[in-house]
Amino acid sequence: MAFLADSLKRIKPSATIAVTDKARALKAAGRDVIGLGAGEPDFDTPDNIKDAAVAAIKRGETKYTAIDGIPQLKEAIVAKFKRENGLDYKPSQVSVGTGGKQVLFNALMATLNPGDEVIIPAPYWVSYPDIVLLAGATPVPVATRMEDGFKMKPAALEKAITKNTKWLIFNSPSNPTGSAYTRAEIKALTDVLVKHPHVWVLTDDMYEHLVYDDFQFSTPAQVEPALYERTLTLNGVSKAYCMTGWRIGYAAGPEMLIKAMATLQSQSTTNPNAIAQWASVEALNGPQDFIPKHNAIFKERRDLVVAMLNQANGIKCPKPEGAFYVYPSCAGTMGRKAPSGRTLATDEDFVTELLEAEGVAVVQGAAFGLGPAFRISYATSTTVLEEACRRIQRFCGNLL
Ligand SMILES: Cc1ncc(COP(=O)(O)O)c(C=O)c1O
């Protein structure tokens, strides 16, 4: 009899974390490696947020808290949804977890049965299909096209819906493409969903604040109030507030679902870290002025990376609206020979050979369900990005 659970056979370790680990190991072995795999801002957590955590420790906020969030944080989240999204929630409709990832995990685990289907536009964040699989349900990827800005068309959504569809997972701005849906584009999708009352929407708004060129962020429950009763709006402090290590994420939606998620969490991690919750109260209620400052820097980096990648032989890189990722196609390099003598047949070959030849770590499109392409995280300094792009240009230029 096997010792490990069968459910584990359905999932794989996160590819993005694997690349980061590989780059770290090569670096430790003395190789000159530039890691562009990590999905986190390079900026430090702002001081006012750190100070709030220190104050919480000194006040003795070091005990268990309410399972799905302290009242002060729930109030701050309610105020955030009202202020930034025009959405009305009660504190009892809010769930706080150990990162957006746990909140997503809770929502899917609390709702999915074998046979249920979850529509996931591809390319997608690596965790969506794996959590669906772990829950015993079926991910239904819907391929998008680079020509459409990697955005799902209403007809493609309509076609993917069956009587077994339970959720659509929607993510804008997107990890891994950075593409973001306009209000009109979201409305076109919600018009489809309105006709299918059994389909719920899990909208992952984690990159809400990371948008450029005056892009206006919108979220489904705001665009189509008729979907409010079947939408879970997920967000967190990791990306916008540079708090990836603090592990606080949250969501708001119908009370029945929020309660079920709390039951699940009560039997796994209990409450999210008390100190990090107090820091998040400050993040949401405190000054927000560093966000546009960070965005100005991210935008400059995005423009630099897009321009330099489009000068690389065989690479085509669209300019996305948000997040800190670009998702260039490497279709033009397929069938060519790398310096090692190996022929590039997949995007996995492309990233492996790039790491070997030039010491640049990126993540293969295969991990995100649409290729041949790769993801670059540009959350690192301009100097490093310039050097990385020069190496990619050289790698592509040297292909035979
Ligand atoms: C699209 C998306 N959603 C959710 C998360 C989870 O973030 P966290 O668990 O740090 O809150 C991430 C992190 O990479 C992400 O890229």
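We count ligands from 1, going down the list as the structure has it; atoms in each ligand are counted the same way. Predicted, not measured: the structure shown is a model, and the values here were computed from it.
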Item to check | Lys74 (side chain) donor-acceptor with Val94 (main chain) under 3.5 angstrom | outcome: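 Confirmed, Lys74 side chain pairs with Val94 backbone.
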
Checklist entry - Counting distance only, does the side-chain N/O of Thr219 pair as donor-acceptor with the main-chain N or O of Gln222 below 3.5 Å? => result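 Here the side-chain-to-backbone pair does not exist.
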
Next on the checklist: For Phe290 together with Phe43, are the ring centres under 6.0 Å from each other?
Outcome noted: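 Centroid separation for Phe43 and Phe290: 6.0 Å or greater.
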
Under 3.5 Å: N or O atoms of ligand 1 paired with protein N or O:
{"unit_1": "ligand 1", "atom_1": "3 (N)", "unit_2": "Asp204", "atom_2": "OD1", "d": "3.4"}
{"unit_1": "ligand 1", "atom_1": "3 (N)", "unit_2": "Asp204", "atom_2": "OD2", "d": "2.5"}
{"unit_1": "ligand 1", "atom_1": "9 (O)", "unit_2": "Gly100", "atom_2": "N", "d": "3.1"}
{"unit_1": "ligand 1", "atom_1": "9 (O)", "unit_2": "Lys101", "atom_2": "N", "d": "3.0"}
{"unit_1": "ligand 1", "atom_1": "9 (O)", "unit_2": "Arg247", "atom_2": "NH2", "d": "2.7"}
{"unit_1": "ligand 1", "atom_1": "10 (O)", "unit_2": "Ser238", "atom_2": "OG", "d": "2.7"}
{"unit_1": "ligand 1", "atom_1": "10 (O)", "unit_2": "Arg247", "atom_2": "NH1", "d": "2.7"}
{"unit_1": "ligand 1", "atom_1": "11 (O)", "unit_2": "Gly100", "atom_2": "N", "d": "2.6"}
{"unit_1": "ligand 1", "atom_1": "11 (O)", "unit_2": "Ser238", "atom_2": "OG", "d": "3.2"}
{"unit_1": "ligand 1", "atom_1": "14 (O)", "unit_2": "Lys239", "atom_2": "NZ", "d": "2.7"}
{"unit_1": "ligand 1", "atom_1": "16 (O)", "unit_2": "Asn175", "atom_2": "ND2", "d": "2.8"}
{"unit_1": "ligand 1", "atom_1": "16 (O)", "unit_2": "Tyr207", "atom_2": "OH", "d": "2.8"}

Find out whether [X] and [Y] are in side-chain contact, i.e. whether some heavy atom of one side chain is under 4.5 Å from a heavy atom of the other.
X	Y	result
Tyr325	Leu210	no
Pro173	Glu321	no
Thr162	Glu117	yes

